[in-house]
Structure formats: C-alpha cells, structure tokens
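Here the structure is laid out as structure tokens; the discussion comes afterwards.
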Amino acid sequence: MDSQPLIAMEGIEKSFPGVHALNQCRFQLQAGEVHALVGENGAGKSTLMKILTGVYQKDAGVIVHKGREVDIPHTKTAQQLGISIIHQELHLMPHLTVAQNIYIGREPRKKFPLLLDDKALDEQVRVLFRRMNLDMDPRARVSDLTVAKQQMVEIAKALSYDSEVLIMDEPTAALTNSEIQELFRIIGQLKASGVGIVYISHRMDELKRISDRITVMRDGCYIDTLKTNEVSVDRIISLMVGREIYHSVDFKQTDSEAETVLEVRNLNRGNALKDIAFTLKKGEILGFAGLMGAGRTEVARAIFGADRIDSGEIIIHGKQARIHNPHDAVKQGIGYLSEDRKQYGLLVDMDVKANVAVASYSRYRSILGWMKQERIAESAEKVVESLKVKTPSVDQKVKFLSGGNQQKVVIGKWLTRDSDILIFDEPTRGIDVGAKGEIYKLLEELAEQGKSIIMISSELPEILRMSHRVIVMCEGRITGELLREEADQEKIMKLATSRTG
Amino acid sequence: MKVAITTNKQIHIKSGVLQQLLAFASLIALVLVFTLSSDNFFQFDNIIGILLSTAVIGVLALGSTFVIITGGIDLAVGTVMTFSSVMAGVIITFWGLPIPFGVAGGVITGALCGAISGLAVAKMKIPPFIATLAMMMITKGLSLVISGTKPIYFDETPAFAQISMGSITKSLFGVEIPNAVLLFFGLAIIAGLLLANTIIGRYNFALGSNEEATRLSGVNVNFWKITIYTITGAFSGIAGILMASRLNSAQPALGSGYELEAIAAVVIGGTSLSGGQGTILGTVIGALIMSVLTNGLRILSVPQEWQTVIIGLVVIGAVYSDILRRRKG
C-alpha cells in the first residue's frame with residue numbers, strides 16, 4: 001500500500017448548528033482496495049462521504065485526489081473526478097428501462113438532436129455490462145427487476161461515468177444471500193480493474209469477507225485504520241462503541257411477578273418482520289435496540305395497526321386483540337409516539353389544547369357534536385402542569401414550542417387518552433441534551449405509575465440507561481434479549497450485527 | 001439468469017400493453033353491442049360523426065397525456081382552447097389578417113398559456129392542480145373580456161371553416177373524411193412519436209417516474225417541465241382552432257368542462273394519474289370509447305343525463321381494472 005492513494009482526506013472538519021459532526025477526520029483509499037468504513041449511527045460516516053461527493057462542504061481540511069489537492073463544491077465535480085456514490089435508497093426511475101436509467105441526462109441522439117438513438121443507447125449499455133460480466137437485458141424495465149438487479153443498475157450507472165472511486169452505503173441491506181454473492185463477485189471484479197471501493201456496512205461478517213482495510217469512526221472522530229485480516233470482529237466492535245457509559249444510579253429491578261400487559265407472538269410481515277415474539281410487563285420499560293433498518297419501527301407500526309401484517313397474534317391483558325388499524329390500537333389503549341413528531345405526532349399549526357385532545361375527542365363531544373371547549377382546556381392545563389410543558393398558555397401553537405416540549409405534548413395526548421401501553425420511537429431525537437434528561441425522568445415516572453413502555457432507540461447509552469430489559473433486532477428478527485444488568489454496548493452491538501441468514 | 005430475464009420481459013409486456021388491449025377490446029365490444037342493437041349505428045355517416053365529435057376532445061386529451069405522465073395535471077386545457085379560438089377570431093375577423101396568421105396566433109396563444117402554467121409549476125413550485133386551476137380562470141375570464149362576451153364569427157372568411165369541415169380525402173380519393181378527423185389522427189401520430197422517440201418523451205416519463213432521481217442525474221428538470229406544459233398548451237391551441245373552425249365562430253363561453261372529459265379519456269386509456277405511465281394509443285382509444293358511448297347511447301334514445309352517469313361509471317371501471325391488475329402484478 002505504498003503507492004499513491006486515489007483519495008486522501010486529512011483533518012476534515014464539519015459542524016452543523018449545534019453539532020460538531022466531524023472532528024479532524026481522515027480517510028485514505030488506494031486503487032483496487034475495498035476499504036470498509038464503520039461506526040455507530042451518527043458516527044459521521046455518511047457526513048464524511050457526503051463531503052467527498054460534494055453534497056456537503058468541509059469547514060477545514062484537505063482532500064487529495066491522485067496526489068493533487070482538489071475542491072469538491074458540487075456533486076458534478078465529484079462525478080468529473082470519477083467519484084460516485086450508491087445510496088442506500090436507490091435513485092432509479094422505475095418506469096424506465098435499465099439502459100434509459102443508466103444514461104439518463106446523457107442520451108445518445110440521432111443527427112436531428114431531438115430524436116433519441118435508443119439502439120446506440122442499448123448497445124452502450126451492453127458493452128458496459130460485458131465489461132462488468134453481467135448478464136442483463138438493457139431493455140428490461142427497472143420496476144420488473146429485483147432489488148439486487150436494481151443495485152447492479154446503480155453500479156453500472158456509476159461505472160458509466162468512468163468512476164474510479166465507488167462509495168457503497170449499506171449495499172447489502174435489502175439483498176438475499178445469493179444476491180450478496182453476486183454483488184461480491186462484481187466488487188471483486190471492480191477491485192481487480194483498479195477501482196477503489198468505500199464500503200459502508202454494519203455487518204461484521206461481510207466486512208471480514210470483502211474488505212482489505214477497515215477505518216473506524218466514533219462520535220465524529222477518526223479512531224483507527226486496520227488491516228482486516230489482522231483484526232477480530234470483537235476488536236472492531238469495541239473500537240466502534242468504546243466510550244464511557246452513564247448508568248442511572250437508582251434503577252429498579254423489573255418486577256418479574258408483574259402482570260403481562262402485551263404479548264406478541266409470531267409476528268410476520270414480508271421481509272421486514274420475521275417471527276417477532278416478546279412480552280411487555282406492567283410498569284416496564286422495554287428497550288428495542290438495533291441498527292437503522294433492523295425492523296424496530298416496523299414492529300411498532302405493526303402492533304399499532306399502521307401496517308398490515310401477514311400473520312401473528314397480539315395479546316393485550318390476556319385477551320386476543322384484533323388490531324387492523326390505528327383506531328383499533330388506540331381503543332386497546334396503545335399510544336404510538338413516532339420518531340417523526342412533526343409529521344406523524346403533532347398538528348403543528350394547532351394549539352396545545354387541540355393536540356392534547358385530538359386522540360380523545362369523543363370524550364369532549366356533547367350529543368350534537370358540539371365540542372366542550374372548557375373541558376378540553378381543563379385537560380390541556382392538567383397536561384401542561386403535570387408534564388411541566390413550558391408554554392405561555394394552552395392556546396399556544398405547538399410549532400412554537402421546543403422539541404422537548406413538543407414531545408411532552410405528544411405524551412400528554414396519549415395520557416389524556418388513558419393509554420397504558422406507550423410505544424416511543426426515538427423519544428429524544430431532535431431534543432437537546434438538557435431536555436433529554438427531563439424526558440427520561442418522565443418515562444421513568446410513567447413506568448412507576450404502571451404504564452408499560454416500549455422504547456425504540458438508536459442511541460445505545462439511552463437504551464442502557466432507561467431499559468429494564470433490552471430486545472435487540474437485526475434484519476427483521478429478534479436476535480437477543482438482555483436483562484438490564486447483563487446488557488452492555490458490546491453485547492448489544494454484537495447481537496445487532498449478527499445475521500442469522 | 002437467462003430464465004429470469006425472459007420472465008421479466010413477459011411481465012414487461014403484461015404491464016405495458018394489457019391495459020391497452022383491455023381498452024381496445026372494450027371499444028370493439030361497445031361497437032359490436034351498438035351495431036347489434038341498432039341498424040343506425042354502423043353507418044358510414046354515423047362513424048364519421050363519431051370521429052368528428054372525438055376530434056376536439058381527442059386533441060385536448062393528446063395534450064393532457066403529456067402533463068399527466070409527468071404526474072401533473074392541466075385543468076386549463078378547456079379554457080385555453082377557448083382562449084386560443086377567441087384569439088384566432090380577433091386576428092382573423094377583427095384585424096382582418098390572413099387565416100394562417102390566425103391559426104398560428106391561436107396555437108401560439110395556447111403554447112404561451114401552457115408555458116406560463118409550466119413556469120408556475122416548475123419555478124414557483126405551485127402545485128399543478130392550483131397553477132392550472134388559476135390558468136383556467138384567467139383564460140376563461142380573458143376570453144370573455146376580449147370578445148366582449150359575444151361570439152366572434154368567421155363569416156367573411158369561409159375558408160376558415162374548411163380547416164375542420166373540409167375534406168382533403170374527398171378531392172384526393174373521393175371518400176369524405178373531414179379534415180378535423182384526419183388532423184386528430186395526424187396529431188396523435190406526432191404525439192406518439194414525441195413521447196416514444198424523442199428526448200422530450202424520455203424526460204417526460206423520467207419526471208413522472210422519479211423526479212428526484214431525474215434531477216440527481218443532472219437533468220434540467222425545470223426546463224423540461226416547462227417544455228411539457230408548453231406542448232400541452234399548444235395542443236389546446238390546436239383544439240381551439242379545430243373547434244372555432246367547426247362552429248365557424250369562436251364561442252367565448254364554451255370550454256369549461258372539456259378538461260375533465262379530456263382527463264377522463266386519458267385515464268380510460270390507461271395513463272396513470274400518479275405519473276410515469278401512459279401511451280398516446282391508449283388516449284386515442286380512451287377518447288373513442290367516450291364518443292362511441294355517447295353516440296351509441298343517443299341512438300338507443302338514452303337521455304343525455306343518463307349518458308353522463310354511464311360515462312362516469314366507465315371511468316371508475318377503467319381505473320379500477322387498472323388498479324386491480326397492478327395489485328396482482
């Protein structure tokens with residue numbers, strides 16, 4: 001590895017309002033190597049790659065491309081330098097053919113420039129596929145292809161720009177094992193032809209198989225770069241998570257005698273959820289840990305009736321519950337607090353009163369459908385007082401409240417509805433550090449009052465601090481369950497990255 | 001691998017052509033039913049009558065197809081049509097300029113209206129429904145203002161009426177097919193070629209399929225959107241000329257409601273309102289189904305009010321069959 005690197009990034013700095021996203025980061029890519037970039041959610045991997053592809057601008061630091069310092073102000077510049085990225089979500093036009101997708105914006109034309117030369121187009125793509133050793137029909141419609149094939153189309157598109165640097169963000173997230181084999185074969189070929197590949201993935205077994213070197217990032221900092229064949233999976237994981245964790249001092253043991261409030265059996269939905277089964281006890285905070293896309297939100301949505309399920313039973317207070325839609329779930333006493341409060345949780349342009357009452361309007365309605373405004377105001381006042389919502393009055397529009405206070409209003413909505421099962425999806429996302437503590441305290445109080453709480457969180461310290469029990473998911477399955485005293489970051493990370501096939 | 005790809009192709013054929021085959025089969029079935037129920041239906045004059053009544057709505061529907069494939073909508077096509085015919089009337093009758101100037105003026109008026117709608121959608125980011133609703137009101141009002149709410153007649157220029165009602169085929173082959181019908185089919189071929197073989201068509205589908213991906217691929221999305229709305233406007237302009245020529249007058253109060261019939265024809269023809277999918281052939285068949293239905297029901301003495309009800313049901317049936325098919329696939 002002493003030849004001149006394709007890409008060398010040094011001392012990269014990037015701040016967003018309130019967040020120091022990248023702190024003196026570095027990264028190096030050689031031609032013909034697969035270089036894995038790993039770290040927890042929020043470690044800064046994506047930000048670093050967005051700087052390399054011109055989506056974001058670095059605040060400080062240098063990028064050297066084949067020995068020359070370069071500036072990458074636009075995605076177009078990156079394209080011209082031969083740097084391409086294949087995003088986790090594919091950017092394709094499903095109604096167009098494979099060839100049309102690959103050369104969109106660069107179509108070969110006939111002499112009369114308005115007319116397309118589709119024959120030449122298909123031929124160019126055929127040549128490209130031959131180079132990739134790929135057997136695919138350029139005229140097939142993208143919507144008819146499997147996700148794996150669509151990914152090949154994205155790779156082909158990247159290569160059609162003569163890319164020498166290919167960044168793949170979680171490329172195997174949606175692939176089956178045999179499709180992964182095919183992808184790895186292509187990666188091997190690209191490698192042999194001198195393309196440098198940045199491979200972002202959480203899957204340790206894949207990293208061991210496919211990568212030559214691994215760079216670990218944590219909390220926006222560069223940690224280390226290691227040769228893959230000289231390092232163990234455990235070592236990588238401990239480098240990824242290695243930070244001090246604050247454990248709450250006075251935590252209460254789960255009462256194993258407590259009544260089981262919710263039981264889920266054999267929940268299945270397509271590829272998203274496979275044989276999900278767990279129980280939730282009265283007064284318990286059950287943490288759901290896992291990486292992005294592990295299926296935690298899908299579990300919540302399935303229980304809440306927001307997505308249709310293929311099979312499975314949901315038992316509430318010992319009785320089989322029929323939940324076909326959120327309306328049924330709410331009637332069963334389930335409240336769901338989405339990770340995206342603004343989109344799914346709040347009526348942002350309406351006042352605190354309306355938001356508190358929105359799930360329970362039938363209670364505030366007189367026979368003729370007239371709303372009992374005073375009673376609504378009363379309930380809202382009660383919520384503001386008991387949850388300590390900082391708002392000038394209950395007539396304040398919630399969009400003017402801070403993130404923490406908005407979250408409290410959503411909690412108040414479900415408390416007003418007398419929900420006794422509360423599902424929190426990323427309860428502290430977008431909430432500043434000070435307010436986080438308050439939300440934690442509130443969750444603990446709710447649990448003490450006998451509410452049962454499912455808490456989905458991507459922040460391990462949060463999971464470890466709050467949960468009485470932790471369920472870990474990976475790829476739509478539950479891969480482990482840990483009691484609070486046995487849970488630690490490394491165990492969780494290991495379960496969260498263990499593919500069961 | 002080889003096997004997988006052939007099945008892909010089969011699916012491709014299914015999803016692309018089946019809806020059209022279905023629409024075409026419905027058209028044939030309708031013609032058969034009406035032919036069997038009444039001797040008056042399958043007569044040369046009646047068929048020509050059907051085609052003639054298809055021409056104006058048909059041309060509007062051709063234009064609408066472009067915008068609808070982008071995932072947008074143009075509610076102004078009906079009133080832009082009227083506005084264009086009024087402008088043609090102003091140029092020919094009020095100003096006394098030669099007919100070609102009037103025709104060009106009408107078409108350009110339509111294209112300009114389309115371009116303005118496109119600008120509002122692409123640059124000002126106004127949702128297509130609202131932008132074109134506004135354009136509908138603007139052109140409706142302008143037509144009335146400019147014409148002084150009175151029809152403009154083309155009595156001094158009898159040649160103008162020949163654009164629609166004359167027949168080139170009569171002088172050439174002795175078969176009397178009105179020019180309006182020929183123009184409709186001619187325009188359909190041009191629209192079909194535009195959509196299938198040109199860069200405009202390609203970006204049209206790309207926009208409707210995934211606008212963000214198209215933008216990220218370096219395509220000037222705004223420019224092509226404006227172009228597509230302009231094309232739709234130009235087709236409305238042509239429809240305006242056909243309409244005025246057929247009535248030998250520009251009727252400023254006409255035109256509202258035509259946009260909905262045009263959209264119905266497009267939808268019956270299998271074009272998806274969510275964008276990305278559609279064909280000109282489908283639109284032609286859709287427009288024919290609507291006029292065959294209207295004509296056939298009239299011959300069977302079904303009251304006009306009920307004809308409208310039945311067409312409404314047909315629209316639901318056509319779209320629902322499309323949704324069912326998609327769900328299976």
Side-chain angles (χ1 to χ4, degrees), chain A residues 53 55 74-76 78-80 84-85 87 89-110 112-119 121 129 133-146 148-150 152-154 157-158 160-161 178-179 182, chain B residues 1-17 19 68-71 190 192-221 223-224 227-228 231 270-272 274-279 326-327 329:
Chain A
T53 49
V55 178
H74 306 290
T75 47
K76 258 222 157 100
Q79 241 165 36
Q80 281 154 5
S84 292
I85 184 161
H87 295 277
E89 329 76 65
L90 301 175
H91 284 300
L92 293 171
M93 286 135 285
H95 299 98
L96 300 192
T97 69
V98 170
Q100 289 168 358
N101 263 284
I102 291 175
Y103 278 98
I104 189 80
R106 303 170 290 156
E107 292 81 359
R109 317 276 184 95
K110 293 197 173 148
F112 179 59
L114 201 61
L115 287 176
L116 295 168
D117 193 346
D118 273 342
K119 263 196 198 131
L121 175 70
F129 283 168
N133 222 340
L134 193 66
D135 186 10
M136 205 191 301
D137 183 357
R139 285 168 308 167
R141 254 165 75 121
V142 163
S143 58
D144 295 336
L145 302 178
T146 60
K149 289 263 159 52
Q150 294 184 5
M152 299 298 167
V153 175
E154 284 270 29
K157 186 173 169 182
S160 72
Y161 285 99
S178 61
E179 290 167 342
E182 175 73 6
Chain B
M1 184 81 89
K2 277 259 151 56
V3 181
I5 283 163
T6 31
T7 43
N8 282 343
K9 250 188 196 161
Q10 280 163 5
I11 296 166
H12 181 188
I13 288 165
K14 268 188 206 160
S15 59
V17 181
Q19 177 68 13
I68 292 175
I69 289 174
T70 66
I190 291 173
L193 290 175
L194 268 178
L195 212 48
N197 294 314
T198 68
I199 194 82
I200 296 167
R202 178 65 39 83
Y203 291 152
N204 203 333
F205 282 107
L207 277 173
S209 194
N210 188 342
E211 184 176 331
E212 184 59 9
T214 312
R215 199 177 62 80
L216 288 175
S217 304
V219 175
N220 187 345
V221 166
F223 171 79
W224 292 106
T227 305
I228 289 162
I231 290 174
T271 295
S272 160
S274 47
Q277 260 174 327
T279 56
R326 242 166 262 221
R327 220 182 268 163

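Chain naming here is simple, since letters A, B, ... match the order of the sequence lines and numbering starts at 1 in each.
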Notebook entry, point to check: Hey, is B/Glu212 close enough to B/Arg215 for a salt bridge, meaning N to O under 4.0 Å?
Noted result: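 A salt bridge links B/Glu212 with B/Arg215.
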Which atoms of [X] are under 4.5 Å from chain B, going by heavy atoms: the side chain, the backbone, both sets, or neither?
| X | answer |
| --- | --- |
| A/Lys76 | side chain |
| A/Leu121 | side chain |
| A/Tyr103 | neither |

Check: Do side-chain atoms of A/Thr97 reach the backbone of A/Arg139 as a donor and acceptor pair under 3.5 angstrom?
Finding: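 A pair under 3.5 Å: no.
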Checklist line | Donor-acceptor contact below 3.5 Å, side chain A/Gln150 vs main chain A/Val142 | finding: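 Yes.
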Item checked: Top contributor to chain B contacts, counting heavy-atom pairs under 4.5 Å, from A/Leu96, A/Leu115, A/Thr75 ->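 So the answer, after comparing A/Leu96, A/Leu115, A/Thr75, is A/Leu96.
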Note to self: Taking every non-hydrogen pair under 4.5 Å, which of B/Asn197, B/Val219, B/Leu207 racks up the most with chain A?
What the structure shows: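 Ranked by contacts with chain A, first place is B/Asn197.
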Next item on the list: List the steps and the verdict of side-chain contact (heavy atoms from CB on, under 4.5 Å) for B/Thr70 and B/Glu211.
Entry: CA-CA 9 Å; B/Thr70 66; B/Glu211 184 176 331; over 6 Å; no
Notebook entry, point to check: Would you say B/Ile228 and B/Tyr203 make side-chain contact, with heavy atoms under 4.5 Å?
Noted result: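 Side-chain contact under 4.5 Å: no.
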